[in-house]
Amino acid sequence: MAIKSVSIRIEEEMLEKIAFVADYEGRSVNSHILVLIRNNIKEYENEHGKIIGDINPEVNVKPARKK
């Protein structure tokens with residue numbers, strides 16, 4: 001499985017708070033965010049079933065930009 005990079009825009013206060021929690025848990029911010037993502041996927045799959053294949057863009061959380 002390939003490792004991909006992603007950048008996010010985040011408010012400074014939120015970044016400071018997530019860094020605080022990550023440090024408390026003994027993790028880097030990156031590692032802590034990966035734990036949060038894994039937990040979110042696990043919760044989703046427990047409720048809706050295993051995610052298989054490509055995600056349909058029509059179910060994307062953010063709608064496509066209007067032209």
Undergrad: Under 4.5 Å between side-chain heavy atoms, hopping through other hydrophobics if needed: is there a path connecting Y24 to I33?
TA: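 No.
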
Undergrad: Measure the CD-CZ distance between E25 and F20 for me, rounded to the nearest 0.5 Å.
TA: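 It comes to 11.0 Å.
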
Undergrad: Please report the shortest heavy-atom distance between A22 and S28, naming the atom on each side.
TA: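 So the two residues come closest at CB-O, 3.7 Å.
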
Undergrad: With hydrophobic residues grouped by side-chain heavy-atom distances under 4.5 Å, do I10 and V6 end up in a single group?
TA: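 Per the 4.5 Å side-chain linkage, I10 and V6 are not co-clustered.
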
Undergrad: How many angstroms lie between atom CD of E43 and atom CD of E47, to the nearest 0.5 angstrom?
TA: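 Answer for the CD-CD pair, E43 versus E47, is 9.0 Å.
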
Undergrad: Taking side chain as C-beta onward, heavy atoms only, is V29 less than 4.5 Å from D23?
TA: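 No. Closest side-chain heavy atoms not under 4.5 Å.
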
Undergrad: Do side-chain atoms of E45 reach the backbone of I51 as a donor and acceptor pair under 3.5 angstrom?
TA: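 Yes, the answer is positive, given that a donor and an acceptor are paired below the 3.5 Å cut-off.
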
Undergrad: Evaluate the side-chain proximity of L15 to I18: yes if any heavy-atom separation is below 4.5 Å, no if none is.
TA: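 Sidechains of L15 and I18: in contact.
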
Undergrad: Identify whether I3 and L34 are in the same connected component of the hydrophobic contact network (ILVMFWY, side-chain heavy atoms under 4.5 Å).
TA: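 No, no single cluster joins them.
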
Undergrad: Does some side-chain heavy atom of L36 sit less than 4.5 Å from a side-chain heavy atom of N40?
TA: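 They are not in side-chain contact.
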
Undergrad: Side chains of E13 and K17, heavy atoms from C-beta outward: is any pair under 4.5 Å?
TA: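 Heavy-atom side-chain distance check passes, below 4.5 Å.
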
